[in-house]
Amino acid sequence: MLASVKLATRLVSHHPWHYCHRSVTRLSVHEVLTGHNEDKKKVKIQGWVRSVRAQKEVLFLHVNDGSSLQNLQIVAEPSLKHSSISFGSAVEVSGDLVRSVGAKQSVEVKAEDIRVVGECDTTDFPFKIKERHPPEYVRQFPHLRCRTNTFGSLLRIRSEATAAIHEYFKSNGFIHIHTPIITSNDCEGAGELFQVQAGSKDPAPGEDGGFFGVPAFLTVSGQLHLEIMSGAFTKVFTFGPTFRAENSQTRRHLAEFYMVEAEISFTESLEDIMQVMEDLFKRTTSSLLDKCAEDLSLFFKHVSPGQKDRSEKLIKNKFIVMSYTEAIEILRRAPVAFQYSTEWGCDLQTEHEKYLVRHCGDVPVFVINYPYDLKPFYTRDNEDGPQRTASAVDLLVPGIGELFGGSLREERLHILQSRLDRLGLTDTYQWYLDLRKFGSVPHGGFGMGFERYLQCILGVDNIKDVIPFPRFPYSCLL
Ligand code: 4AD
């Protein structure tokens with residue numbers, strides 16, 4: 001079969017386009033595998049070798065360039081085997097795109113030339129050919145783990161999910177706002193803050209007021225900035241990094257994570273917000289199941305067997321709604337000894353959240369109307385008793401617990417004013433009170449932890465395995 005392969009004159013050049021005496025098309029592996037390519041087309045492929053098999057008559061390479069989970073098969077004469085072609089090396093292959101005789105792939109490239117662009121020392125390379133390494137091992141190599149199949153699939157899915165979320169908001173009339181990363185507000189205790197700069201408006205004589213003249217922090221949430229914007233654009237969203245310096249060493253906390261946040265004006269009730277949360281979740285998930293079937297199948301097969309059915313179930317059923325008070329009743333009746341208190345007024349812990357979801361048949365659950373004192377100052381008072389409950393909502397999902405947090409915001413000036421007075425925050429939030437003085441409208445919004453979303457859909461146990469470079473207490477690699 002290969003005897004007829006004519007070796008092209010090898011051009012010793014590092015410029016990829018210097019082959020163009022004949023028409024050579026540079027294609028990604030994905031384009032080769034999915035395109036309608038004519039037979040015998042001259043192509044050039046660049047990527048990293050995933051396997052090398054040298055037989056007497058023929059050399060087989062599998063090359064991957066990150067564009068798909070599948071590798072492209074290269075067949076070549078054994079004479080094209082350089083000693084430096086190995087697992088992990090970077091190569092550039094030129095040849096004819098042909099129909100494959102093998103059953104595993106429809107097309108392959110019959111190589112005329114294989115150039116090793118970058119060698120790989122397989123002895124030191126931490127990943128071994130055809131081995132499935134455990135996530136704890138892979139995590140030690142944040143600079144190389146994107147070369148593994150699992151992490152490659154994860155990052156393609158993450159990229160598609162990002163696009164699907166933007167698409168959801170765009171097609172529903174939301175304006176995308178870049179809320180700041182450095183901020184002087186702390187969104188009232190949404191989490192511990194990382195301080196960027198110390199600062200003071202009135203430094204003592206001889207002292208420096210700091211870069212900004214006020215203390216500055218990394219944002220814990222873009223909510224307050226979004227509230228400003230919802231007062232002009234009605235429906236707004238942001239999707240960026242958020243930072244929390246809490247010392248939570250769990251499988252669902254990071255010090256730097258991505259949050260999808262939306263804010264909507266002219267709401268009538270919490271249901272308006274919950275509708276958007278449910279739609280966003282379901283549409284993003286359907287889009288992933290549709291567009292990332294191959295990458296998802298790796299997770300469904302090797303990472304979390306049974307997850308395909310679980311993820312499909314998440315988009316089939318209407319989400320359940322229960323009040324915090326009902327949730328507490330369910331927990332108190334549960335035949336389970338919880339570690340944390342289930343008294344009315346206590347915050348729900350992960351163990352409670354997971355129990356509630358299981359109790360509801362593994363269908364996501366909205367818990368609404370939390371005790372007033374558990375929620376930040378901006379949460380709308382339900383006025384169902386003296387500061388009894390507030391219009392807040394959490395969405396709890398299987399395996400994770402809390403995925404979304406949201407609320408109606410207190411739009412009534414006098415109520416907000418007296419709450420801020422009680423907290424001694426009136427001066428700090430004068431600008432926030434202004435929003436209630438100048439055309440205030442009922443509004444609300446939510447935030448969804450993007451990494452927790454990916455964990456939920458993919459069935460990934462540890463949040464550190466769904467973000468390219470995880471940051472958590474005592475670890476900031478690279
Ligand atoms: O419930 P949270 O703290 O809500 C807010 O910050 C609101 N200001 C959002 C808003 O209404 N615009 O956080 C929202 C979500 C949580 O439900 C959770 O999924 C995720 O962000 N999250 C984290 N994800 C990873 N690591 C952490 N340390 C997280 N903290 C919160």
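First listed ligand is number 1; within each ligand, the first listed atom is number 1.
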Asks: Run Glu227 and Tyr378 through side-chain hydrogen bond (donor to acceptor under 3.5 Å, both in side chains) and show every step you take.
Replies: CA-CA 11 Å; Glu227 281 193 64; Tyr378 49 70; over 6 Å; no

Asks: Which value, rounded to the nearest 0.5 Å, describes the distance between Leu348 atom CG and Leu396 atom CG?
Replies: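 If I round to the nearest 0.5 Å, the distance is 7.0 Å.
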
Asks: Is any N or O atom of Leu254, backbone or side chain, closer than 3.5 Å to an N or O atom of ligand 1?
Replies: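 N/O-N/O distance below 3.5 Å exists for this pair.
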
Asks: Show the numbers, then the answer: is there a side-chain hydrogen bond (donor to acceptor under 3.5 Å, both in side chains) between Ser407 and Arg409?
Replies: CA-CA 6 Å; Ser407 68; Arg409 321 304 188 188; 2.6 Å; yes

Asks: May I ask you to check whether Thr389 and Asn382 show a side-chain donor-acceptor distance below 3.5 Å?
Replies: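 Judged by distance alone, the side chains do pair up.
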
Asks: Could Arg158 and Glu451 be called an ion pair, given the rule that one side-chain N must be under 4.0 Å from one carboxylate O?
Replies: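 Judged by the 4.0 Å cut-off on N to carboxylate O distance, Arg158 and Glu451 do form a salt bridge.
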
Asks: Run the numbers for me: atoms of ligand 1, each under 4.0 Å from some heavy atom of Ser221, listed by number.
Replies: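 The atoms of ligand 1 under 4.0 Å from a heavy atom of Ser221 are 6 (O), 7 (C), 8 (N).
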
Asks: How does Glu256 reach ligand 1, if at all, at less than 4.0 Å between non-hydrogen atoms: by side chain, backbone, both, or neither?
Replies: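 Within the 4.0 Å criterion, Glu256 makes no contact with ligand 1.
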
Asks: Quick one: does Ile463 get within less than 4.0 Å of ligand 1, heavy atoms only?
Replies: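 Within the 4.0 Å threshold, so yes.
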
Asks: Atom 6 (O) of ligand 1: which of Arg244, His253, Glu261 has the nearest heavy atom?
Replies: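 Considering heavy atoms of Arg244, His253, Glu261, the nearest to atom 6 (O) of ligand 1 sits in Arg244.
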
Asks: How does Glu246 reach ligand 1, if at all, at less than 4.0 Å between non-hydrogen atoms: by side chain, backbone, both, or neither?
Replies: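 The answer is the side chain of Glu246.
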
Asks: Check this for me - ligand 1, Gly449, N or O atoms closer than 3.5 angstrom, yes or no?
Replies: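 Between Gly449 and ligand 1, an N or O pair is found under 3.5 Å apart.
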
Asks: With respect to atom 22 (N) of ligand 1, which of Phe257, Tyr258, Phe243, Phe237 exhibits the smallest heavy-atom separation?
Replies: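 Selected option, by shortest heavy-atom distance: Phe257.
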
Asks: Check this for me: does any side-chain nitrogen of one of Arg412 and Glu410 sit under 4.0 Å from a carboxylate oxygen of the other?
Replies: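 Glu410 and Arg412: salt-bridged.
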
Asks: Pull out every atom of ligand 1 sitting under 4.0 Å from any heavy atom of Leu403, numbered as shown with elements.
Replies: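 Every atom of ligand 1 under 4.0 Å from some heavy atom of Leu403: 16 (C), 17 (O), 18 (C), 19 (O).
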
Asks: Taking 4.0 angstrom as the limit and counting only heavy atoms of Arg252, give me the atoms of ligand 1 inside it, by number and element.
Replies: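 Checking each atom against Arg252, I get 25 (C), 26 (N).
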
Asks: Looking at Lys308 and Glu312, does any basic side-chain N land under 4.0 Å from a carboxylate oxygen?
Replies: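 Here Lys308 pairs with Glu312 in a salt bridge, since their nearest N and O are under 4.0 Å apart.
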
Asks: For Lys437, I'd like to know if atom NZ has over 12 heavy atoms of other residues, nucleotides or ligands within 6.0 Å.
Replies: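 More than 12 heavy atoms, drawn from other residues, nucleotides or ligands, come within 6.0 Å of this atom.
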
Asks: Should you measure from each heavy atom of Arg409, which atoms of ligand 1 turn up under 4.0 Å away?
Replies: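 Ligand 1 atoms under the 4.0 Å threshold to Arg409: 10 (C), 11 (O), 12 (N).
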
Asks: I'd like to check which ligand 1 atoms, numbered from 1 as shown, lie under 4.0 Å from a non-hydrogen atom of Tyr378.
Replies: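 Listed by number with element: 8 (N).
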
Asks: As a check for students: among Gln455, Glu263, Gln223, identify the option with a heavy atom nearest to atom 8 (N) of ligand 1.
Replies: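 Heavy atom nearest to atom 8 (N) of ligand 1 belongs to Gln223.
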
Asks: What part of Phe472 sits under 4.0 Å from ligand 1 if we count only heavy atoms: the side chain, the backbone, both or neither?
Replies: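 No part of Phe472 comes within reach of ligand 1.
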
Asks: Decide whether Glu271 and Ser269 meet the rule of one side-chain donor and one side-chain acceptor closer than 3.5 Å.
Replies: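 Looking only at side-chain atoms, Ser269 and Glu271 do form a donor-acceptor pair, the distance falling under 3.5 Å.
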
Asks: Name the one of Arg252, Arg358, Arg452 that satisfies salt bridge (charged side-chain N to carboxylate O under 4.0 Å, His left out) with Glu353?
Replies: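 The passing option is Arg252.
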
Asks: Mark up the atoms of ligand 1 that fall under 4.0 Å of a heavy atom belonging to Glu402, in ascending order.
Replies: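 What qualifies from ligand 1 is 1 (O), 16 (C), 17 (O), 19 (O).
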
